[in-house]
Amino acid sequence: MTVAPNPELEAPTLETAKAEADELTTRILELRDAYYERNEVLVDDAEYDRMLRRLEELEHAFPELQGQDSPTQTVGGRAQTTLFAPVPHAERMLSLDNVFSVEEFLAWAERAERLAGRSIGYLCELKIDGLALSLRYERGRLTSAATRGDGVVGEDVTANVRYLTGIPDRLAGTGHPELVEVRGEVFFPLEAFRELNERQAAAGERVFANPRNAASGSLRQKEEGKTDAALELMHARLSRLRMLVHGVGAWPSPPVATQSELYGVLAAWGLPTSTHVEVAKTATRAADYITHYGDNRNSVEHEIDGVVVKVDELALHDELGATSRAPRWAIAFKYPPEQVNTRLLDIVVSVGRTGRATPFAVMEPVHVAGSTVRQATLHNQDVVRAKGVLIGDTVVLRKAGDVIPEVLGPVVELRDGTEREFVMPAACPECGTPLAPSKEGDVDLRCPNAKSCPAQVRGRVEHIGSRGALDIEVLGEVSAAALTQPEVPAVPPLVTEAGLFSLTLDDLLPIEVVVRDAETGLPKEEDDGTVKLRTPFQRVTQEYPPEAEGLDPAARRRAGITKSHRVVHPSAAALKLLDELEKAKTKPLWRLLVSLNIRHVGPVAARALADWFGSLDAIRAASRDELAAVDGVGGIIADAVIEWFLVDWHLDIVRRWADAGVQFATPGHPGPGQAGDAEGVLAGLTVVATGSLEGFTRDGAQEAIIRAGGKAASSVSKKTDFVAAGPGAGSKLQKAEELGVRVIDAAQFALLVTEGPAALD
DNA sequence: CACCCTCGAGTTCA
DNA sequence: CTCGAGGGTG
C-alpha cells in the first residue's frame, strides 16, 4: 500500500503540485472511463472523491493548474455514443458536492445560512445508489428518457425505460408545462437484485457485483439480435427496476415555493416519489436524519450511499446559485462505503468442530462499514471457483447485512499475471489425515479423524463452553486451545472432551501457551529468538518468606533475608473455570445434550428430546421410531442420535462425565413421554425477540418466553404471534411489519411473559 | 411431493 | 446474518 504525502506536513511547490495534479487527472479520467464506458468500479467512491478533492485543493492553491478539461470542471464521463443515441439535456444535469462527516455538513449549512442571511429549512432524502435518469415530458407526454452522460448530453434509453413499472407515459392531472425534465434515480430493489443474481448464477451467467451495476447493465441492454425468449427475459428484468424522482429541470417557474411542495406536484402527476423524504426545520435536525439512516441503512428497500440535503425554499436556490459543477443549495452526505477493494493475500483452510474444511480469505486489513476486516469465509472450493478469485487478486469486499464480511469477486482489470489459483488441500491442515466427503457427492470435505484431530477437539471443547450449550464462562476459544493444544506439557490435559469434568488445579497450573501476534497470527518471539510463552492459569508473585512478614527492608537486611522467591498461585481464570465446571454438572439435560456434539442436535432438538425422555439413559434406550416420534425430531436426527451412541469413545465421554458427577437426568421427570404439555400464559403462542430489549439479555428473553410456555422462534413468519423489538432490530422487525405481525417493545414484552397477551390491551 | 418454516453451522469484530 | 438442509404440513 502506498501512502499519499500529507498535505499538512509538506507544503507543495508549484512544481510538485503540478506533478501530483497531472497524476491525479490521469487516474481520475481512467477511472471515469472504466465507470462510464465499461460500467466497472475500480476504486470505491470514497477513494474517488478523495482524489477529486485533493485535485480541487491543488487547483485552489495554484489556479494556474486548472485547465478547461480538468476533471473538476466536467461532470461524470463522456456520453456513450457507440451504443445509444446522444440526447442533449434541456437543462444541464449537475452533480452534487460531497461531505463526509456531520461537522462538514454543519459547516456547509452554516455557510448557506450566512449567505441567505437567515435560518433555513432543509429537505432531507436518501441518496439512492443507482443510476441518474432524466425523463422529458412535453405537454404531459413522455418523449424521451436519458442517462446523465456528461451532464450536458446523455444516452437515449427511452425504449428500455418504457418497460419500467411506475413511470407514467402520460402525466396525471392537468395544467402540465410545455416542457419539463423530471430527474430521478433508477435502481434495483434489493430483493429483486438478489433474485436476479440467483437466476444469473443458476444459468451460469455472470453475477452483478452490486445493485447499481445491475441497474445500469439492465438499462443498457439492446433489443437487437435477441431471440424472443431473450427479449422476454430482458423486459422482465427491466420491469423489476424502480425509479424515484427528486427534482425537475427546464421548468423556469414551478407554481410552488418549496422543494417539498414540488415533490407534492410530482406525486400528483403520478410520478413515484420516495416515502423517506423529510423536511428538517434546522441543520441540526437534518443531521439527526443523517445519523438515523446511517444506523438503519438496511431498513430501506434499495441501497443507499448517503443522504441528500436540499435547501427547501426555491427562492433561495437562485440566491445561492451554483458553481460550474454543482449547486450550492444542495449537498450530498456520503456514508462510509459498504464496499471496498482490498488485496487477497492468501486462501487458508480451517477445520471446524465437525471436521468440515473451510477455505477462508486472508486479506490486506481494510476498513469497511465501521470495522477493520482481514478475514472472510469462502465456504468451500465450489464457492471459491464460482467467485473466480485468485490469490493475489484485488477483490471487492463488503459486509453482508452490515456484519459479516463477504468477498464478492475479483477486479479482473487489476491483475498483473502473478496471481495464482487456489487448490484445495488433500489433507487436513491440522492433523494430516486425508480429507474426504462424508457422503458420496458432497461438496464439503471433512477430516475423518474426529476423535483426535486437534482442530476438532478444540472446536468441540469450545462448543461445550458456548452459550447455546453449557454456557461456561472462561471456556472460550483461548481456553479451549490452551487445554487441548498447549506448548507445555507435551501431553495436553484434554486429549478429548471426556476429561473435561475431571480437570484439577494440578492439570491447569503447568499449562503454557504460545503468544501470537494479534495481526499476523504468527508466534511472537523473545529477544533471544525463542518462542514467547504465557501461563494462562497461573500467576507468579515475588514474595519474602513468612518469617519476614511485617518486617521493613532494614529489618529484613539485618535478619539476613535479602532475596524474595517466586510463589505460584492459580490465576483467577483457573479458579473460575473449575468453579464453572462444577456448576455445569447440574445444568439442564438439554444443555448437556447439546454439549455432546451430536449431529443435528442443537438447542431446539435437544430441548425436545430432553423434555420427552427426561434422561440420557432413556434417550439411549429409545428406538429409532421412538426418537422420531418426538415433535421436531425426524428420521435423520433419530439416526444421528442412534449412530452417536454406537461409537466407543462417545460412550467414554458419557461414562467419564457421569463419574465426575455430571447429572444426565432431569430431577423429578416422570419418564419418557410422561411430562405434561407446556402450560403458562404464553401456551400456544410463538414469540420472536430481536434487538436489545431493556431488562433482558438475548438468551434471557428466549428463556422468559419458554418459561411462560411459549415458543421462542428464531425467525419471523406468518405463524409468529409477537415480535418483541428493541433498539438495533434489523431485518426481523422489517419482516414483522411486512407480514403484519404485532410488534411490541421491551416493557410490553416484560408484561407479556409474566401476565400473558391479555395484559397488553 | 412441494412447499414453508425452522434449525444448525460457520463466521467477524470491538 | 446467511446458507443449506431437516421436519412437517397441505
Side-chain angles (χ1 to χ4, degrees), chain A residues 190-191 194 197-198 201 297-298 338 348-363 365-380 382-383 386 397-408 438-439 441-446 455-456 459-460 462-463 466-469 476-477 518-519 521 590 593-609 627-641 686-688 690-691 698 702 711-721 728-735 739 741:
Chain A
L190 287 174
E191 190 65 36
R194 234 166 278 139
N197 259 359
E198 272 165 32
R297 270 166 96 165
N298 38 24
E338 287 194 312
V348 181
V349 173
S350 72
V351 174
R353 76 181 161 98
T354 63
R356 201 166 95 179
T358 310
F360 64 94
V362 178
M363 291 160 294
V366 66
H367 213 69
V368 54
S371 63
T372 307
V373 173
R374 51 192 117 239
Q375 287 188 8
T377 179
L378 292 167
H379 305 289
N380 59 48
D382 280 12
V383 172
L397 179 75
R398 72 151 184 185
K399 284 222 190 144
D402 245 8
V403 182
I404 312 288
E406 179 187 4
V407 172
L408 291 172
S438 68
K439 279 202 312 269
D442 251 11
V443 193
D444 292 339
L445 294 182
R446 288 175 186 278
Q456 295 187 56
R460 289 199 302 267
E462 186 186 340
H463 175 246
S466 69
R467 272 194 325 214
E477 193 182 340
E519 284 197 10
W590 70 265
L593 274 176
V594 174
S595 303
L596 294 176
N597 280 294
I598 303 170
R599 277 263 232 152
H600 308 304
V601 179
V604 177
R607 267 194 166 102
L609 289 168
L627 289 167
V630 176
D631 196 25
V633 178
I636 303 220
I637 295 182
D639 285 341
V641 172
T686 301
V687 184
V688 174
T690 179
R698 225 169 252 285
Q702 306 252 309
K711 200 167 168 227
S714 54
S715 61
V716 180
S717 71
K718 285 187 294 200
K719 293 185 184 167
T720 311
D721 297 291
S731 59
K732 285 178 203 169
L733 176 56
Q734 210 186 321
K735 187 87 185 274
L739 295 173
V741 174

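Numbered from 1 within each chain, the chains take letters A, B, ... in sequence-line order.
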Step by step, would you call R446(A) with R356(A) a side-chain contact (heavy atoms from CB on, under 4.5 Å)? CA-CA 4 Å; R446(A) 288 175 186 278; R356(A) 201 166 95 179; 3.9 Å; yes
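- The residue among R353(A) and Q375(A) whose nearest nucleotide of DNA chain B is located toward the 5' end is R353(A).
- Per the geometry, NZ belonging to K719(A) stands 7 Å off C1' belonging to dC4(B), to the nearest Å.
- R607(A) places its CZ atom 11 Å from the P atom of dC7(B), with the value rounded to the nearest Å.
- The side chain of I637(A) sits closest to dG7(C) out of dG10(B), dG7(C), dC5(B).
- In this structure, the NZ atom of K711(A) is 10 Å from the C1' atom of dC7(B), given to the nearest Å.
- Here G632(A) lies in heavy-atom contact (under 4.0 Å) with sugar-phosphate atoms only.
- A donor-acceptor distance shorter than 3.5 angstrom exists from the side chain of D721(A) to the backbone of T686(A), with no hydrogens or angles considered.
- At whole-Å resolution of the value, CZ in R398(A) and P in dC1(C) are 13 Å apart.
- In this structure, the CZ atom of R467(A) is 16 Å from the P atom of dA9(B), given to the nearest Å.
- Distance check, rounded to the nearest 0.5 Å: CG of L609(A) to CG of D631(A) gives 11.0 Å.
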V601(A) vs I637(A), test: side-chain contact (heavy atoms from CB on, under 4.5 Å). Steps then yes/no. CA-CA 7 Å; V601(A) 179; I637(A) 295 182; 4.1 Å; yes
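- Following rounding to the nearest Å, D631(A) (CG) and dG8(C) (C1') show an atom-to-atom distance of 9 Å.
- Between the C1' atom of dA5(C) and the NE2 atom of H379(A) lies a distance of 15 Å, rounded to the nearest Å.
- Annotation: the span from N597(A) atom CG to H463(A) atom NE2 amounts to 5.5 Å, rounded to 0.5 Å.
- Along DNA chain B, the nucleotide nearest K718(A) and the nucleotide nearest G352(A) are compared for position; the residue whose nucleotide lies closer to the 5' end is K718(A).
- Side-chain proximity of V373(A) to dC13(B), dC5(B), dG10(B): nearest is dC13(B).
- Distance, R599(A) CZ to dA9(B) C1': 10 Å, rounded to whole Å.
- At the phosphate of dT12(B), neither OP1 nor OP2 sits under 4.0 Å from any side-chain N or O atom of T377(A).
- Distances shown here put every side-chain N or O of R356(A) at or beyond 4.0 Å from the OP1 or OP2 atom of dG10(B).
- At a threshold of 4.0 angstrom between heavy atoms, the contacts of G634(A) are confined to the sugar-phosphate backbone, with no base atom among them.
- Counting only heavy atoms from C-beta on, S350(A) has its side chain closest to dT11(B) among dT12(B), dG8(B), dT11(B).
- The side chain of S717(A) lies closest to dT6(B) when the candidates are dT6(B), dT11(B), dG8(B).
- Comparing dG6(C), dC13(B), dG10(B) against the side chain of R374(A) picks out dC13(B) as the nearest.
- Set against dC5(B), dC7(B), dT11(B), the side chain of V604(A) has dC7(B) as its closest nucleotide.
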